[in-house]
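Written out below as structure tokens is the structure these notes cover.
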Number of protein chains: 2
Amino acid sequence: MSEKDSKKDILDTATKLFVKHGKNGVSTCDIAHAAGVNKALIFYYYGSKEKLYAAAFKNLIQTFFYEIREKINNSEPGLPAIEVFIRNHITIIKENQNMMKMLVRELLLTENGQSFPLNESADIFKSLRYEMIKVLSDAREKGEIRYVDPVQTMVSIISLDVFYFLGKPLVQMINPTIDIEDFESNRVDHIIDLLMNGLRKDQE
Amino acid sequence: MSEKDSKKDILDTATKLFVKHGKNGVSTCDIAHAAGVNKALIFYYYGSKEKLYAAAFKNLIQTFFYEIREKINNSEPGLPAIEVFIRNHITIIKENQNMMKMLVRELLLTENGQSFPLNESADIFKSLRYEMIKVLSDAREKGEIRYVDPVQTMVSIISLDVFYFLGKPLVQMINPTIDIEDFESNRVDHIIDLLMNGLRKDQE
DNA sequence: GGTTAATTTAACCATTTGATAAAACACAGA
DNA sequence: TCTGTGTTTTATCAAATGGTTAAATTAACC
């Protein structure tokens, strides 16, 4: 009873540490120690640090993906679908800041568009793109928004939703008196407001 | 004659390497080798790797700051000042992608808002904040835009301007057939379009 | 109990890491 | 020429790194 699943322990611990300190900021010793296992076990199960990192990366992306897919198609009646979509998107980003940080880290390491862990997860991203763009073109057909380039708009929505969580330390540093809880909860409404105004049909 | 300024050589080389591979992705040996100096010289001039990194960081931020301050106040007649501002902002970000990447890297390492290199450059960021917000409140007074929270809006503008350069590898991966040059030059107009529509006064 | 395979461990290795101390160099001015 | 000062190199260090190996332990099945 109560057997411990060392393989999973290693992956979970590694994920946590990689998210916090980046691929190069963590050693296999750190991981082994934090996971309470012997260092050799890491290589026994995952072969190399690189592969462990890729596994942790994919693990995180996949979890995120299933979550976002589930929520994004949950349209509520009454509100414009596009607004629900954006609201859900930012909520999920907020709940998956770790995944976002890891993704951005990997993007920073990417050169010439080549990254092993990113390529491993390419399919996930592609199907995500497909679903996001569908939401946008549906909204356009329904007359909820004016015509805009869907890819550009997708990038804009992601930018607005994601970037604050990266820049948060900076926002705090620059505005020492700010009530950060307040700012954060206003952020969602601000983004919705900006986007809905920016995308709405001209009413003339 | 033609004495070589080793101290500056080290800083410049280190900056380049740190930008590319991150703080933990570069060793002092790498830097010394690339700069064509002895490794011990790095410690002679900068004391530690950490201090060298902080110096490189500040160096980059400062350069960026002077550039942006100069351009941002260059209002052209005819166009709304706010549009000129956004256009200049994205241009400068585009020209300083390295600085942006280094900044984001540092933000990712920041915990509890504490980061030595970031704190070292706090004043720069604060005065930048002041000037950006002034542009926004001026635009509001002139009736160019409706009332919006200036800090939220500042964060949104920065998000839109910066994030694409981080996500570029992903955009390329997800849209294999995309003409990236095209997409990039359209990006500016898309952002302007989205923001000007999102911020404009209601005309009813 | 014995056999076998999966899991876990301790001990070890070569290399690289950040950092130091001391020696060598260059070049002033006295 | 001697001396002092700022610069650069050589040599070296202990610690940490990613990774390996072989032995020990455990679990499972016959």
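Keep in mind that this is a model prediction, so the values were computed, not measured. Lettering of chains follows the sequences in order, A, B, ..., and the numbering in each one begins at 1.
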From C-beta outward on [X], which listed nucleotide comes closest to its side chain: [options]?
{"X": "Y44(B)", "options": "dT7(D), dA21(C), dA10(C)", "answer": "dT7(D)"}
{"X": "Y45(A)", "options": "dT8(C), dG18(D), dT8(D)", "answer": "dT8(C)"}
{"X": "S27(B)", "options": "dG18(C), dG18(D), dT9(D)", "answer": "dG18(C)"}
{"X": "L41(A)", "options": "dT10(D), dT8(D), dT8(C)", "answer": "dT8(C)"}
{"X": "N38(B)", "options": "dG18(D), dT21(D), dT10(D)", "answer": "dT10(D)"}
{"X": "D30(A)", "options": "dT8(D), dT17(D), dG18(C)", "answer": "dT17(D)"}
{"X": "A40(B)", "options": "dT21(D), dA21(C), dG19(D)", "answer": "dA21(C)"}

Measure [atom1]/[X] against [atom2]/[N] and give the value in whole Å, please.
{"X": "L17(B)", "N": "dG18(C)", "atom1": "CG", "atom2": "P", "value": "12 Å"}
{"X": "K7(A)", "N": "dA6(C)", "atom1": "NZ", "atom2": "P", "value": "13 Å"}
{"X": "H33(A)", "N": "dT9(C)", "atom1": "NE2", "atom2": "P", "value": "13 Å"}
{"X": "E50(A)", "N": "dT17(D)", "atom1": "CD", "atom2": "P", "value": "16 Å"}
{"X": "I42(A)", "N": "dT7(C)", "atom1": "CD1", "atom2": "C1'", "value": "15 Å"}
{"X": "Y46(A)", "N": "dT20(D)", "atom1": "OH", "atom2": "C1'", "value": "20 Å"}
{"X": "N24(A)", "N": "dG18(C)", "atom1": "CG", "atom2": "P", "value": "11 Å"}
{"X": "F18(B)", "N": "dG18(C)", "atom1": "CZ", "atom2": "C1'", "value": "12 Å"}

Considering all heavy atoms, the nearest T28(A)-I42(A) contact: O-CD1, 3.4 Å
query: Does the base of dG19(D) carry an N or O that pairs as donor and acceptor with the side chain of K49(A) under 3.5 Å?
result: no
task: Tell me whether the OP1 or OP2 atom of dT7(C) has a side-chain N or O from S6(A) closer than 4.0 Å.
output: no
message: Take a 6.0 Å sphere around OH of Y130(B) and say whether it holds more than 12 heavy atoms from other residues, nucleotides or ligands.
response: no
- request: Check the surroundings of atom OH in Y147(B): do more than 12 heavy atoms from other residues, nucleotides or ligands lie under 6.0 Å from it?
  value: yes
- prompt: Is the shortest distance from a Lys or Arg side-chain nitrogen in D138(B) or K142(B) to a carboxylate oxygen in the other one below 4.0 Å?
  reply: no
message: Just so I know, are the side chains of E120(B) and F57(B) near enough to count as touching, which here means a heavy-atom distance under 4.5 Å?
response: no
field: Comparing F43(A) and K39(B) on DNA chain D - which has the more 5′ nearest nucleotide
entry: K39(B)
